[in-house]
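All ligand and atom numbering here is 1-based and tracks the order in the structure. Note: hydrogens, waters and symmetry copies are ignored here, and every other heavy atom, side chains too, is used. Heads up: numbering here begins at 1 and tracks the sequence.
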Amino acid sequence: MQAKRVWAMYWSATDTTKRVVTAVAQQAAQALAVPLKEYDFTLPQARQGAPDFTADDLVVFGTPTYAGRVPNVLLKYLATVEGHGAAAVPVVTFGNRAFDDSLIELRDILSDNGFVPFAAAAFVGEHSFSTTLAAGRPDADDLDKAAQFGREIAARAAEITADTQPITVPGRGRDERTYYQPRDRAGNSIDIRKVKPKTSEACDDCGLCAKLCPMGSINPENVREFTGICIKCGACVKKCPKGAKYYDDPGYLYHKSELEEGYRRRAAVSLFL
Ligand SMILES: Cc1cc2nc3c(=O)[nH]c(=O)nc-3n(C[C@H](O)[C@H](O)[C@H](O)COP(=O)(O)O)c2cc1C
Ligand code: SF4
Ligand code: SF4
């Protein structure tokens, strides 16, 4: 293919996926001397549509890893995004534990939808639950790797055809994939599905959290009230200018500290080309 455009397309609640995908796509666009386009589908209104991709597009496509998979709330939307032969590079981020089956799942989704996923990557992002787990990542070293990877995919793009096989990445087959299950010390499952952040006295009702909730679940008239599900994405907690959003659920807090204690080592970036 002769790429005429490079896209940074991503879902990113706390901006780590956005930063990685943009760094990769920016370098690829520069190396190919073509325009860089962006499609951010983090907010509900952006999931009403998608770009009209063609075989002239090279799409760097990113989501975080949630419970070892592509966030399941995105699956319905992702099934509607058609590639029409566009070359694609699935990119996942993960919060220092593991990406498990998220990259292979994203590759399969893209391939099923008419994209040609010829390269892939898993980068590390500060964990949505924490400010110490993979703190500050992607950092300068990660972003250098992202830029280098962008140049490499650009160099490879000319060889890509409709018959190019999907890139091989680690992970289980479609029928074997499960979701990562947090457990307590006794081995019992911790169920955080119903957990939602609380709002402290520090809130000055600026309304920002209602605007940036990817599920559109915070009532703009009363930011203490939920109008839909919470996926624990961390956007309202990390982006509140007053630090007013917090969790007090014991299961959630236990799981967060287990992750912080258990995954202190620096997890590596994985590139597939
Ligand atoms: C509900 C949920 C589940 C997560 N599951 C995992 C996981 O299985 N493994 C992991 O390493 N990180 C996990 N993370 C962390 C995110 O993948 C990571 O912080 C990512 O960089 C967030 O991307 P964003 O900044 O683009 O929102 C999870 C985060 C959330 C909110
Ligand atoms: S972003 Fe923070 S201060 Fe603003 S309304 Fe939400 S909780 Fe309140
Ligand atoms: S309410 Fe839940 S889903 Fe919405 S921004 Fe906050 S953590 Fe994310």
Side-chain angles (χ1 to χ4, degrees), residues 10-22 40-44 62-74 91-103 105-106 122-138 142 178-182 190-247 249 252 255-256 259-260 262-263 265 267-270:
Y10 54 83
W11 187 93
S12 186
T14 61
D15 297 340
T16 64
T17 311
K18 172 182 178 160
R19 289 168 59 214
V20 167
V21 166
T22 306
D40 176 350
F41 58 98
T42 310
L43 294 178
T63 70
T65 301
Y66 279 11
R69 302 284 294 272
V70 171
N72 60 6
V73 290
L74 299 179
V91 173
V92 295
T93 53
F94 67 102
N96 224 42
R97 187 187 67 78
F99 60 96
D100 296 339
D101 295 325
S102 59
L103 189 59
E105 185 178 15
L106 184 58
F123 279 85
V124 183
E126 181 174 295
H127 201 292
S128 323
F129 296 173
S130 174
T131 52
T132 60
L133 192 54
R137 295 186 77 183
D142 295 318
T178 53
Y179 284 88
Y180 170 72
Q181 177 63 59
I190 299 174
D191 188 354
I192 59 168
R193 281 174 298 181
K194 296 237 161 76
V195 172
K196 297 175 167 83
K198 296 261 172 72
T199 309
S200 79
E201 297 282 295
C203 170
D204 66 1
D205 290 303
C206 73
L208 179 67
C209 54
K211 289 198 189 94
L212 53 71
C213 173
M215 296 296 106
S217 291
I218 300 177
N219 183 354
E221 307 300 324
N222 172 10
V223 296
R224 287 158 181 79
E225 194 180 287
F226 290 91
T227 54
I229 62 162
C230 170
I231 57 170
K232 273 63 70 183
C233 74
C236 63
V237 176
K238 290 197 178 193
K239 293 182 175 178
C240 168
K242 300 286 175 189
K245 292 279 186 199
Y246 67 99
Y247 294 98
D249 178 80
Y252 173 94
H255 179 46
K256 168 175 139 74
L259 289 170
E260 287 171 343
Y263 296 98
R265 52 93 183 92
V269 166
S270 299

Using a strict 4.0 Å threshold on nitrogen-to-oxygen distance, state whether [X] and [Y] make a salt bridge.
| X | Y | value |
| --- | --- | --- |
| Lys238 | Asp15 | no |
| Arg69 | Glu105 | yes |
| Asp249 | Lys256 | no |

For [atom], what's the nearest protein heavy-atom neighbour? Residue, atom name and distance, please.
| atom | result |
| --- | --- |
| atom 8 (Fe) of ligand 3 | Cys233 SG, 2.3 Å |
| atom 1 (C) of ligand 1 | Ile231 O, 3.7 Å |
| atom 6 (Fe) of ligand 2 | Cys209 SG, 2.3 Å |
| atom 5 (N) of ligand 1 | Ala67 N, 2.8 Å |
| atom 1 (S) of ligand 3 | Phe226 CE2, 3.5 Å |
| atom 9 (N) of ligand 1 | Ala98 O, 3.0 Å |
| atom 21 (O) of ligand 1 | Thr16 OG1, 2.7 Å |
| atom 29 (C) of ligand 1 | Ser128 OG, 3.3 Å |
| atom 3 (S) of ligand 3 | Ile231 N, 3.4 Å |
| atom 2 (Fe) of ligand 3 | Cys230 SG, 2.3 Å |
| atom 28 (C) of ligand 1 | Thr65 O, 3.3 Å |
| atom 18 (C) of ligand 1 | Gly95 N, 3.6 Å |

For this session: Determine whether the side chain, the backbone, both or neither of Asp205 has a heavy atom under 4.0 Å from any heavy atom of ligand 2.
Result: backbone
Exercise. Side chain, backbone, both or neither: which part of Lys245 has a heavy atom under 4.0 Å from ligand 2?
Worked result: side chain
For this session: Using non-hydrogen atoms of the residue, decide whether Gly234 is closer than 4.0 angstrom to ligand 1.
Result: no
Exercise. Does Phe129 have a heavy atom less than 4.0 Å from any atom of ligand 1?
Worked result: yes
For this session: Kindly assign one of parallel, tilted or perpendicular to the pair His255 and Tyr180, based on the angle between their ring planes and the thresholds 30° and 60°.
Result: tilted
Problem set entry | side chain to side chain contact (heavy atoms under 4.5 Å, CB included) between Cys240 and Leu208, worked out | CA-CA 7 Å; Cys240 168; Leu208 179 67; over 6 Å; no
Exercise. Can you list the ligand 1 atoms lying under 4.0 Å from a non-hydrogen atom of Glu126?
Worked result: 18 (C), 19 (O), 21 (O)
Problem set entry | Contacting atoms of ligand 1, where contact means under 4.0 angstrom from a heavy atom of Lys232 | 31 (C)
As an exercise, identify every atom of ligand 2 less than 4.0 angstrom from a heavy atom of [X].
| X | result |
| --- | --- |
| Gly207 | 4 (Fe), 5 (S) |
| Cys203 | 3 (S), 5 (S), 7 (S), 8 (Fe) |
| Val223 | 5 (S) |
| Cys206 | 1 (S), 3 (S), 4 (Fe), 5 (S) |
| Lys242 | 3 (S) |
| Pro241 | 1 (S) |

For the 3.5 Å polar cut-off, considering only N or O atoms, please tell me whether [X] and ligand 1 meet it.
| X | result |
| --- | --- |
| His127 | yes |
| Asp100 | no |
| Pro64 | no |
| Ser12 | yes |

For this session: Tell me whether the guanidinium CZ or amine NZ of Lys196 lies under 6.0 angstrom from the six-membered ring centre of Phe226 and within 45° of its axis.
Result: yes
For this session: Output yes when a side-chain donor or acceptor of Arg265 lies under 3.5 Å from a complementary backbone atom of Asn96, and no otherwise.
Result: yes
For this session: Ignoring hydrogens and angles, tell me if any N or O in the side chain of Lys239 forms a donor-acceptor pair with the backbone of Cys209 under 3.5 Å.
Result: no
Exercise. Should Asp205 and Cys203 be marked as a side chain to side chain contact (heavy atoms under 4.5 Å, CB included) after you check the CA-CA gap, both sets of side-chain angles, and the distance that decides it?
Worked result: CA-CA 6 Å; Asp205 290 303; Cys203 170; 3.9 Å; yes
Measuring from the heavy atoms of [X], does anything fall under 4.0 Å of ligand 3?
| X | value |
| --- | --- |
| Phe129 | no |
| Ala13 | no |
| Pro214 | yes |

Exercise. Would a 4.5 Å heavy-atom cut-off, applied to side chains only, mark Trp11 and Pro214 as touching?
Worked result: yes
For this session: Kindly indicate whether the side chain of Ser270, heavy atoms from C-beta on, has any atom under 4.5 Å from the side chain of Phe123.
Result: no
For this session: Compute the centroid of each ring, for Tyr247 and then for Phe129, and state whether the two points are separated by less than 6.0 Å.
Result: no
Problem set entry | Given Thr93, Val92, Thr63, the one that forms side-chain contact (heavy atoms from CB on, under 4.5 Å) with Ser102 | Val92
Exercise. Can Ser130 and Glu260 be counted as having a side-chain donor-acceptor contact under 3.5 angstrom?
Worked result: yes
Exercise. Would you say the side-chain atoms of Lys245 and Thr199 include a donor-acceptor pair closer than 3.5 Å?
Worked result: yes
Exercise. Is it true that some N/O/S atom of Cys240, main chain or side chain, lies under 2.8 Å from atom 2 (Fe) of ligand 2?
Worked result: yes
Exercise. Which bit of Val124 is near ligand 1, meaning a heavy atom under 4.0 Å away: side chain, backbone, both or neither?
Worked result: neither
Exercise. Is atom 6 (Fe) of ligand 3 less than 2.8 Å from an N/O/S atom of Cys213, whether that atom is in the backbone or a side chain?
Worked result: no
